[in-house]
Amino acid sequence: MTDLARKRFAQLGQQLQYDQLGAVRRQAEGWRNGLTGLTGLVGVVFVLKGRESVAGMPGAWRWTTALLLVLAFVLLLSGALGAVRAAHGPLGRQTWLSGDRLLAAVLDEVVRTQAALIRARRLSVAGLCAIVAAIAVSWLVPVDDPANSREGGPYVLVTTAGGVRCGELVMSDATAVTIKPAKGGEYRSIPIGTVRSVTPTRRC
Amino acid sequence: MPDHVPTEFREQEVTVDPEEPFTVARSEDGRWYTVTGLCPTCRAATVFRVAYGVLGPPKRLWRRDRSEPEPLTGCIPVYCACGYPHPERPPESPDSGCGAFWDVPVPPPVHGAAS
């Protein structure tokens, strides 16, 4: 009994030998578009939901966030370039266009394209993870905000003829500047006539 | 070499005469097989090439030598691609032969050399 399906698949296999580079390129284009979309999606989330600035974060976490973002940029850039290379091929590569050389070149390029695509996918996923980690750090790490600090603030440096005093500004009127010393203790009222300057400061 | 017989085009599965076996040669880099022999139906010399393609199994993650695939086992379905005109062949047919097809067993790989 003749099974024509076997012959059709044999014919399809022969056709695919000629078209496989195009098939791999189309596959790479789809992956490139998908990776680009994912990257854009995470970027949008980062812009909408992330912190606008790393200012105010503790120094170590600020550097961690910056390093994660730089790492993400490098990974995503490499991934994007790899995906473009997989979808459109390398520039400047040439071969003899004889039948056997061309077949070998096509098979080589198919392998290289798939390797580039796999590498691009890994780099993009790693870059996305780095972005998400940076977002998480910016969300979770507490910000050093003196206005909301339980320890009070803002502090002021009150310069008088007798020296400099530091404390939390309690009140200031035409007669005196009243501060609460940062280390605790009684309110201290400094007559306005002796005050030379009042300077805000983050800490005493 | 026997003369070509202009048989009518017919897609049929045929058997290979044991007296006239096909040769199956693997390329030096192991990435394609070339099957050569006489078509059992129209007696023309047929060369059929099967390359390693894109729909293969996933590659091993850390395997360095990716250029040489695993040897092919089993049979290769081959169809006549003699290139001669055959009566009754539909013009839209992708065939370039008499329409016959058959199986050619792949010899087991020889260790240390391409089979």
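In the text below, chain A, chain B and the rest are named by the order of the sequence lines, each starting its count at 1.
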- request: Check the surroundings of atom CZ in A:Arg188: do more than 12 heavy atoms from other residues, nucleotides or ligands lie under 6.0 Å from it?
  value: no
Heavy-atom side-chain contact between A:Lys7 and B:Asp95 under 4.5 Å: yes
message: Within the structure provided, determine whether B:Arg31 and B:Pro69 are in side-chain contact (heavy-atom separation under 4.5 Å).
response: yes
Residues in residues 59-76 of chain A that sit under 4.5 Å from chain B, counting heavy atoms only: none
- request: Identify the residues of residues 8-15 of chain A whose heavy atoms come closer than 4.5 Å to a heavy atom of chain B, ordered by number, or report 'none'.
  value: A:Arg8, A:Ala10, A:Gln11, A:Gln14
query: Heavy-atom distance under 4.5 Å to chain A: side chain of B:Val14, backbone, both or neither?
result: neither
Side-chain donor/acceptor pairs under 3.5 Å, residues 77-84 of chain B, sequence neighbours excluded:
none

Atom [atom1] of [X] and atom [atom2] of [Y]: how far apart are they, to the nearest 0.5 Å?
X	Y	atom1	atom2	answer
B:Thr36	B:Phe22	OG1	CZ	8.0 Å
B:Cys98	B:Glu11	SG	CD	10.0 Å
A:Leu35	A:Arg121	CG	CZ	8.5 Å

field: Pairs of heavy atoms under 4.5 Å with chain B: top-ranked of A:Val24, A:Thr113, A:Leu103, A:Leu21
entry: A:Leu103
statement: residues 71-96 of chain A vs side-chain hydrogen bond (donor to acceptor under 3.5 Å, both in side chains), sequence neighbours excluded, gives A:Arg32-A:His88, A:Arg85-A:Glu109
query: If you measure from the Lys or Arg side-chain nitrogens to the Asp or Glu carboxylate oxygens, is any gap between A:Arg26 and A:Asp19 under 4.0 Å?
result: yes
- prompt: B:Trp32 and B:Ala51: which non-hydrogen atoms are nearest, and at how many Å?
  reply: CB-CA, 3.7 Å
